[in-house]
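First comes the structure, then the notes that go with it.
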Protein chains: 2
Amino acid sequence: MTITQLKYALAIAEHKNFTKAAEKCFVTQPTLSTQIQKLEDELDIIIFDRGKKPIELTDVGRKIVFQARNIVNEADRIQDIVDQQKGFIGGEFRLGIIPTVMPTLLPMFLNNFIKKYPKVKLKIEELTTEEIITRISDGHLDAAIASTPLESDNIKERVLYYEPFVAYIPNSHRLRDKKTIEVSDLDIEDMLLLEDGHCFRDGVINLCKSFKNQTDDHFQLESGSIETLIKLSNEGMGMTLLPYLHTLDVQEKLNTNLRHFKEPSPAREVSIIYHKSELKMQIIDAMYDVISGIIRGAIAFQNVEIISPISK
Amino acid sequence: MTITQLKYALAIAEHKNFTKAAEKCFVTQPTLSTQIQKLEDELDIIIFDRGKKPIELTDVGRKIVFQARNIVNEADRIQDIVDQQKGFIGGEFRLGIIPTVMPTLLPMFLNNFIKKYPKVKLKIEELTTEEIITRISDGHLDAAIASTPLESDNIKERVLYYEPFVAYIPNSHRLRDKKTIEVSDLDIEDMLLLEDGHCFRDGVINLCKSFKNQTDDHFQLESGSIETLIKLSNEGMGMTLLPYLHTLDVQEKLNTNLRHFKEPSPAREVSIIYHKSELKMQIIDAMYDVISGIIRGAIAFQNVEIISPISK
DNA sequence: ACAATTAATACGTTTTTACTATAGTTTTTA
DNA sequence: TAAAAACTATAGTAAAAACGTATTAATTGT
């Protein structure tokens, strides 16, 4: 049994196809065939059921592959240890970011980060929290930036900042004349929300729920981007809530539409999250340092109340 | 990097000597030399400092070897999974047993176990609790039978039975006429104890301490075996405490010297313990079943108070 | 039934692994 | 302190393993 064979088995389990797996492993398909056969022979069990199309794992095969994942992960950490020793911060680093954080946070730290750590090959993807959790768990992402706490077993969280909710209140709205908003002012019925799947949407719903026992899920307008929410709001479709960093982008003439919450302001917790195995921890540490250094200048709220990002 | 190379590195780290490590790996010394060089080249670090005699690990080397241990352990579990699938209970199984359990428990279950699982090659060693903890942690033991709780981080415990302490009181002892003993009757000053290192000794000391604030460690007589304790006691050197199973061996004519404690009787907890990685869990399960099946006929106390086996 | 897809097999080549023999060092012993 | 012993590194070689190309075999979809 070799680590290579285990990697091959993992690739096949993932792609359910020898040929594609072979490509991903940068070898030919016969190489995979023979190596998997050798592994199966040595263990004297069948890992893959080639009878079915696409290929399926046998019961033992599933356990073997699960354990192979552990072994390969642990093996990858050897390189990690070496990198740490050499003070080397580099290699591929796959980062997921949730949609409501992406456009504001990414421009703030990206330049800074790639300048400071030019050897890191960043691969950034915009993903929902749910997708992020899946991909961190199965090793397709090294880390992600998401709203926390997530209460996910094999994922660790490290808080980057607390980002208050800010109300965006258009002309002629009933709350227009208030200087500061209170949570009890909110009515989910005239609140513009992001479409389903965004954790910021869930946060807002939780916030409103916490004061009104609103369980009716019948809302009128939903959008995929915060920019759209603002435009819809300007059209008089209702008020909305924005994450604080987004308000820095709001055009000056619309600035008057913003209302901060009375302290303790409701806020979302934004964290860098990663697998509990702590693979590539040096890069995660580096990214944490860069982001929290930058954010310190941008957000300086102390008195906040954290709103859960998980729909309940 | 191959699993084989990691195993070689582990062997060298353990023996601090290429030649001996090569023997343990069943290869020649040059094979080890070249493979370790290949590993070091690939990682571009030095693992072993050959400058010192005996060989020492470098700082990174220590971390690499630690991680190698993890990887090799995880890799071993592949065979475990296969064995489990096949319902195969076999292979080498290294079991440690503390001295005060060995002579009574081992004869009770050994025959039974090797008859039921003839393919398991048992290697049993009598070891102190301290030695057992070290050897389970570093993988030299697969499991052990010891008195618990141990509060050791990477060791799991599964209770086999509770074994009450029984007082052995010779003729003309001040407690001779009592039908049942109470903990408050005990005086550590006239108690015969096992020599240092035995957890049963620590248990007895804890028991006495719990009633008298006795911190003076000056005892007069100490012995290495419970048999000797009984003989010393018969010579009038004082009373002593025995684990219940030992009292079943006491000759009939000396039976009259035994006094049970008033319930709840002080007792030690005896468990099968193993590494948290749960390697060879099928065999551990099998052994648990055999022992607890046998012990059910021998010990049937319900009302006990557990005494810690750790000196405090 | 035929084309397309995909895994297995046959076979040659390259790479890797491990062996024997031996050289080069350091440590121990006389 | 010189000789012996212990130990690791290196060279060369044989065996085994890994991988590639070419091809066959089996299955699926049209």
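In what follows, chains carry the letters A, B, and so on, assigned in the order in which the sequence lines appear, proteins first and then strands, with residues in each chain numbered from 1.
- With hydrogens and angles left out, the side-chain atoms of Glu131(B) and His140(B) include no donor and acceptor closer than 3.5 Å.
- Residue Thr19(B) has its side chain nearest to dC7(D) when only dA7(C), dC7(D), dT21(D) are considered.
- Side-chain N/O atoms of Gln282(B) and Asp285(B) include no donor and acceptor closer than 3.5 Å.
- Taking 4.0 angstrom as the limit, Ser33(B) places none of its side-chain polar atoms (N or O) nearer than this to OP1 or OP2 of dT8(D).
- Using a 4.0 Å heavy-atom criterion, one finds that Tyr8(A) contacts the sugar-phosphate atoms exclusively.
- Side-chain contact check for Ser137(B) and Thr134(B): no donor-acceptor pair (N or O, by modelled atom type) lies under 3.5 Å.
- OP1 or OP2 of dA8(C) has at least one side-chain nitrogen or oxygen of Arg50(A) nearer than 4.0 Å.
- We find that CG of Asn17(B) is positioned 14 Å from P of dT27(C), with the value rounded to whole Å.
- Between Gln35(A) and dA18(D) there is a side-chain N or O to OP1 or OP2 distance below 4.0 Å.
- Where Gln29(A) and Thr2(A) each meet DNA chain D at their nearest nucleotide, the meeting point lying more 5' is that of Thr2(A).
- Nucleotide dA17(D) holds its P atom 10 Å from the CD atom of Glu42(A), rounded to whole Å.
- Of the candidate nucleotides dA17(D), dA8(C), dT8(D), dA8(C) has the atom lying nearest to any side-chain atom of Phe18(A).
- Computed from coordinates, the Ile36(A) CD1 to dT6(C) P distance equals 17 Å when rounded to whole Å.
- Across all strands shown, Ile55(B) has heavy atoms under 4.0 Å from sugar-phosphate atoms exclusively, and none from any base.
- In this structure, Thr28(A) reaches the dG20(D) phosphate: one of its side-chain N or O atoms is under 4.0 Å from OP1 or OP2.
- OP1 or OP2 of dT9(C) sits under 4.0 Å from a side-chain N or O of Gln37(A).
- At the phosphate of dA18(D), neither OP1 nor OP2 sits under 4.0 Å from any side-chain N or O atom of Thr31(A).
- The only option from Arg77(B), Arg158(B), Lys156(B) that meets the salt bridge (Lys or Arg N to Asp or Glu O under 4.0 Å) definition with Glu278(B) turns out to be Lys156(B).
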